[in-house]
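Questions regarding the structure given below will be posed in turn.
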Protein chains: 2
Amino acid sequence: MEKPDIIALLSKHIRISDEMATLITEYSQIKSLPRETTILREGQRATECFFILQGCMKKYYLQDGEDKITKFYTEGEVITPASYTNQEPSKYYISTIEETIVSFGDPNSENEIYKTHPKLESLTRKLGEIFMVKTNNEFDNWVSHNPEDRYLNLVKNRPDLIQRIPQYDIANYLGIRPESLSRIRKRLAK
Amino acid sequence: MEKPDIIALLSKHIRISDEMATLITEYSQIKSLPRETTILREGQRATECFFILQGCMKKYYLQDGEDKITKFYTEGEVITPASYTNQEPSKYYISTIEETIVSFGDPNSENEIYKTHPKLESLTRKLGEIFMVKTNNEFDNWVSHNPEDRYLNLVKNRPDLIQRIPQYDIANYLGIRPESLSRIRKRLAK
DNA sequence: TTTACTTCTTAACTTAAGTCAATGAGAATG
DNA sequence: CATTCTCATTGACTTAAGTTAAGAAGTAAA
């Protein structure tokens, strides 16, 4: 399989020097996951973290027998499961929605490469800070808007998700029932 | 002023070696901020990040003339304003609620110390990852619960906040009106 | 101590989401 | 072509939060 352009996707977030680009390209491991593949289940410990090169995934909890989606991930996004970081059993599931191509890493090779290439750890720290800002903005945006505004926001900023993902999953993610999303769409259609 | 125990607070999150402890204690700058002090305003660029040693702060947006609180910070929590990381004008305000003692850093001295002590950058990366997990958990917990559950959760996990912070600020943070919080408390009293 | 102010509570009414049930539209299957 | 299944929509009714206004309780100020 041809390697998708990991450097181009990373460069959207942070400036990558040629030296780093070579290093990353050399060390990156890539694999493809079929659609509807669950890569992490509740109770499991994650052994890998991911960077999405192509495709779409979701994170969801099983609450009272129902899925609760809290995040969609698409191209250029990093998935570092909590259980990868803290080595505790996961509280949530992660599954692909479409066929998804990812770059992945594990703790051993991560630490190994940081030891030999401290500049990469520095890059990772900075990238982590950038994603932290994004995550915080997302949180703030969420808690300060109602479902209708959140839907409008999604339509505006992530029109791809509206296309790719069935409406009942969108509603689930927005924190409402499919019936309510229907009504919101009807209200907005005017 | 006597230095509060920064090492003890950091150790709640991550193991700190004696070597790192000495380094952190030596380099940490500490100051006290009076109550109701706004340390960052919308439109400003943050020049400092903070680690709370004692006290309480809040982050809030000014939306349609009304405050919208999205986060309270207390002892042991890190405040890295988005505008500190990306050097863009801040979209939100940060203020103290009580008198607050903080350890603070600026980009120059941060980069300087990372250059001479790469182990500290490694520690910072790990700490950042730990806070990322906490932030993600908070987000998930938020979006998957209703106001009543969020209030119960706060009472259970952050009883200190219920004591320290006026009810209208708690309601604001919970995403509801003070009247609704009153009703929730009444419902629960039964 | 009287007054003003702040915070919380209560009540009546409105609005939007939840729930349950029925229907419609399209795609997949026999 | 008819049948089945999935997903989205609609309607009727319930529940909880928003809104507006009024009052209660406590604290600070005059």
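A, B, ... follow the sequence lines: proteins, then strands. Residue 1 opens every chain.
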>> Would the distance check show the side chain of Ser90(B) and the main-chain N or O of Gln44(B) forming a donor-acceptor pair, the cut-off being under 3.5 Å?
In response: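 Checking the backbone N and O of Gln44(B) against the side chain of Ser90(B), no donor-acceptor pair under 3.5 Å is found.
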
> Which parts of residues 56-69 of chain B get close to DNA chain C, meaning a heavy atom less than 4.0 angstrom away?
Replying inline: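 Heavy-atom cutoff 4.0 Å gives no residues at all.
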
> Taking N and O atoms by type only, does the side chain of Arg183(B) place a donor or acceptor under 3.5 Å from a partner on the base of dG18(D)?
Replying inline: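 A donor-acceptor contact between them is present.
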
> Taking atom C1' of dG18(D) as reference, at what distance in whole Å does atom CD1 of Ile184(B) sit?
Replying inline: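 Rounding to the nearest Å, CD1 of Ile184(B) and C1' of dG18(D) are 12 Å apart.
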
>> Name the residue from Arg185(A), Arg183(A), Arg187(A), Lys186(A) that meets the salt bridge (charged side-chain N to carboxylate O under 4.0 Å, His left out) definition with Glu148(A).
In response: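 The passing option is Arg187(A).
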
>> With a 4.5 Å cut-off on side-chain heavy atoms, are Ile165(B) and Tyr173(B) touching?
In response: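 No, every pair of side-chain atoms sits at 4.5 Å or beyond.
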
> Is the Tyr61(B)-Tyr92(B) ring centre distance short of 6.0 angstrom?
Replying inline: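 That pair passes the under 6.0 Å test.
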
> Do Arg158(A) and Thr74(A) have side-chain atoms, one donor and one acceptor, less than 3.5 Å apart?
Replying inline: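 Indeed, the side chains of Arg158(A) and Thr74(A) share at least one donor-acceptor pair under 3.5 Å.
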
> Near DNA chain D, which residues from residues 155-181 of chain B have a heavy atom under 4.0 Å away?
Replying inline: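 Residues of residues 155-181 of chain B under 4.0 Å from DNA chain D: Gly175(B), Ile176(B), Arg177(B), Glu179(B), Ser180(B).
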
> Can you tell me if His13(B) uses its side chain to pair, donor with acceptor, with the backbone of Gly76(B) under 3.5 Å?
Replying inline: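 Such a contact is found between His13(B) side chain and Gly76(B) backbone.
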
> In terms of side-chain geometry, is the basic nitrogen of Glu75(A) or Lys12(A) positioned less than 4.0 Å from the acidic oxygen of its partner?
Replying inline: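 Judged by the 4.0 Å cut-off on N to carboxylate O distance, Glu75(A) and Lys12(A) do not form a salt bridge.
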
>> Contact between Ser103(B) and Gln29(B) at the side-chain level, heavy atoms closer than 4.5 Å - yes or no?
In response: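 Result no, sub-4.5 Å side-chain heavy-atom pair not found.
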
> Is Lys186(B) near enough to dA11(C) that one of its side-chain N or O atoms lies under 4.0 angstrom from OP1 or OP2?
Replying inline: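 The answer is yes; a side-chain N or O of Lys186(B) sits under 4.0 Å from OP1 or OP2.
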
> If you draw a 6.0 Å radius around CG in Asn157(A), do more than 12 non-hydrogen atoms from other residues or ligands fall strictly inside?
Replying inline: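 Check passes, neighbour count above 12.
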
> What are the residues of residues 138-154 of chain B, sorted by number, that bring a heavy atom to within less than 4.0 Å of DNA chain D?
Replying inline: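 Only Pro147(B) qualify.
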
>> Could you tell me if the side chain of Ile24(B) sits less than 4.5 Å from the side chain of Leu120(B), heavy atoms only?
In response: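 Yes, close enough: below the 4.5 Å cut-off.
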
> Is there a side-chain polar atom (N or O) of Arg187(A) under 4.0 Å from OP1 or OP2 of dA17(C)?
Replying inline: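 Yes, Arg187(A) has a side-chain N/O under 4.0 Å of OP1/OP2 on dA17(C).
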
